[in-house]
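Step one of this worksheet: look at the structure below.
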Amino acid sequence: LMDNLARPSVLGGRLALRPFDGFCGGGKSCVLSIGASGVVDLQAAAAAAAVGRDGLPEVDEGSWTPLVEREVLGLAAVDIELLFAGGGKTFKPYADLATSFRGVGLHLGASAGLPISGAWRLAAQLEYRLSSGGYAPDHIGTFYDLERYQASLATGGQQALSKNEALEQGLYGGHGLLAQLGLEGGRALSLKVGYRYHPGPDGSQLWARVVTEPTSRLTVGVLGVFRALGQSSRGADGIATLAEARYRVTPYLY
């Protein structure tokens with residue numbers, strides 16, 4: 001995995017083994033998977049290199065990104081999951097143990113799928129999270145290009161912390177939760193709503209995502225996120241939106 005073919009800065013990979021893949025009685029198939037993954041950000045944002053009068057980092061006019069000092073960020077994890085499937089129904093409990101090399105986090109959860117009519121099915125995921133202060137449960141995600149410079153959209157008039165600075169200050173420790181519910185209709189429509197909580201910056205988020213695939217290669221969608229719920233915010237700082245269009249060139253290149 002890489003974030004940019006021309007100038008990659010985030011690189012990652014995963015190795016998974018399936019010691020068991022077969023039937024486990026009652027007409028159900030079972031798949032046991034054990035994996036390890038690693039990600040490195042070669043250009044992670046550290047402290048602001050220059051701060052303006054408003055207390056926020058000054059911006060590079062060429063790239064429209066804050067002027068910051070750079071450092072290398074590493075993330076690693078091991079995981080185990082067991083998939084039960086039969087009659088179109090699926091159930092998958094899993095456990096992940098991860099580290100940012102500043103702290104550790106444990107993810108315990110399960111996902112499930114249930115057919116309801118024709119191509120339509122319900123999907124759900126529930127996860128409990130426990131982390132030390134130096135580990136952010138969702139570190140590199142959809143909005144990482146923004147979050148690497150500003151761990152929270154809710155600054156409350158204070159200087160924004162980069163995500164790495166928030167790790168260094170140990171702001172994330174404690175219990176967390178992830179819950180998602182989805183409705184899927186083949187390629188026609190996918191709708192997901194979810195809620196996430198963890199201690200620290202941007203700790204509470206609510207989102208909805210709608211995706212459709214007009215062709216087997218083209219995917220278009222819209223994502224809306226209410227971030228930093230319950231935290232001090234200015235105006236619409238807590239709202240983030242994203243529209244996406246993705247064309248599949250090969251199974252691994254979009």
Side-chain angles (χ1 to χ4, degrees), residues 12 14 16 18 20-21 24 26 28-37 39 75-100 103-117 119-133 135-144 147 152 171-186 189-211 221-231 238 240 242:
R14 182 172 185 269
R18 293 182 175 177
F20 182 81
D21 186 350
C24 53
K28 294 183 176 63
S29 64
C30 298
V31 180
L32 175 64
S33 177
I34 301 173
S37 56
V39 180
L75 302 167
V78 292
D79 62 86
I80 182 170
E81 62 184 38
L82 181 59
L83 172 65
F84 301 93
K89 303 174 183 178
T90 60
F91 178 70
K92 181 173 68 176
Y94 61 87
D96 299 347
L97 182 63
T99 180
S100 64
V104 295
L106 176 66
H107 302 243
L108 300 173
S111 61
L114 177 67
I116 51 178
S117 177
W120 294 93
R121 61 187 283 115
L122 288 173
Q125 180 186 8
L126 185 63
E127 179 180 296
Y128 165 75
R129 300 164 167 189
L130 179 62
S131 59
S132 64
Y135 172 80
D138 292 290
H139 195 96
I140 297 180
T142 302
F143 293 97
Y144 184 58
E147 292 172 339
S152 174
L171 302 183
Y172 294 99
H175 304 277
L177 172 73
L178 170 70
Q180 281 195 120
L181 185 63
L183 176 64
E184 302 170 354
L189 178 70
S190 172
L191 169 64
K192 288 185 178 180
V193 294
Y195 174 77
R196 185 204 76 184
Y197 169 76
H198 64 70
D202 243 2
S204 189
Q205 295 187 7
L206 179 68
W207 69 87
R209 183 171 185 251
V210 180
V211 175
V222 178
L223 170 68
V225 183
F226 292 89
R227 300 174 46 166
L229 298 175
Q231 292 180 283
L242 171 73

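Note: hydrogens, waters and symmetry copies are ignored here, and every other heavy atom, side chains too, is used.
- For the atom pair CD (Gln205) and CG (Leu178), the distance works out to 10.5 Å, reported to the nearest 0.5 Å.
- The main-chain N or O of Gly88 is found under 3.5 Å from a side-chain atom of Arg121 such that the two form a donor-acceptor pair.
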- Verdict with reasoning, Tyr144 to His139, per side-chain contact (heavy atoms from CB on, under 4.5 Å): CA-CA 8 Å; Tyr144 184 58; His139 195 96; 3.9 Å; yes
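- Ile80 CD1 to Leu97 CG: the interatomic distance, rounded to the nearest 0.5 Å, is 12.0 Å.
- Looking at Thr90, its side chain does come within 3.5 Å of a backbone N or O of Gly113 through a donor-acceptor pair.
- Leu177 is listed as a side-chain neighbour of Leu126, based on a closest heavy-atom distance under 4.5 Å.
- What you find for Ser132 and Gly103 is that their closest heavy atoms are OG-CA, 3.1 Å.
- Distance check, rounded to the nearest 0.5 Å: CG of Leu75 to OG of Ser37 gives 9.0 Å.
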- Determine, stepwise, if the pair Glu81 / Val31 fulfils side-chain contact (heavy atoms from CB on, under 4.5 Å). CA-CA 8 Å; Glu81 62 184 38; Val31 180; over 6 Å; no
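- Contact of the Cys30 side chain with the Leu83 side chain is not registered, since no non-hydrogen atoms from C-beta on lie closer than 4.5 Å.
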- Take Leu206 and Val225 through the side-chain contact (heavy atoms from CB on, under 4.5 Å) test and state the conclusion after the steps. CA-CA 6 Å; Leu206 179 68; Val225 183; over 6 Å; no
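- Annotation for Arg209: atom CZ does not count as buried by contact number, only 12 or fewer foreign heavy atoms lying within 6.0 Å.
- A salt bridge links Arg129 with Asp138: the distance from a Lys NZ or Arg NE/NH1/NH2 to an Asp or Glu carboxylate oxygen falls below 4.0 Å.
- Side-chain polar atoms of Tyr172 and His198 form no donor-acceptor pair below 3.5 angstrom.
- Rounding to the nearest 0.5 Å gives a distance of 11.0 Å between NE2 of His107 and OH of Tyr128.
- Around the CZ atom of Arg18, the shell of radius 6.0 Å holds no more than 12 heavy atoms that belong to other residues, nucleotides or ligands.
- Scanning both residues, His175 and Tyr197, for their nearest heavy atoms gives O-CE2, 3.5 Å.
- Rounding to the nearest 0.5 angstrom, the gap separating the OG1 atom in Thr142 from the CG atom in Leu223 is 6.0 Å.
- Partners of Val222 according to the side chain to side chain contact (heavy atoms under 4.5 Å, CB included) rule, which considers only residues two or more places apart in sequence or in another chain, do not exist here.
- Interatomic distance, OH of Tyr135 versus CG of Leu106, reported as 9.0 Å (0.5 Å rounding).
- Looking only at side-chain heavy atoms (C-beta outward), Ile116 and Leu183 come within less than 4.5 Å of each other.
- Side chains of Leu32 and Asp21 form no contact here, defined as non-hydrogen atoms less than 4.5 Å apart.
- No side-chain heavy atom of Pro115 sits less than 4.5 Å from a side-chain heavy atom of Trp120.
- For Gln125, the side chain to side chain donor-acceptor pair (under 3.5 Å) partners two or more places apart in sequence, or in a different chain, are Tyr94, Gln180.
- Shortest non-hydrogen contact noted between Ala95 and Leu108 is CB-CD2, 3.6 Å.
- Side-chain atoms of Ser204 and Phe226, non-hydrogen and from C-beta on, never get closer than 4.5 Å to each other.
- Side chain of Ser190 to backbone of Val211: no donor-acceptor contact under 3.5 angstrom is found.
- Using a 4.5 Å heavy-atom cutoff, the side chains of Asp96 and Val78 are not in contact.
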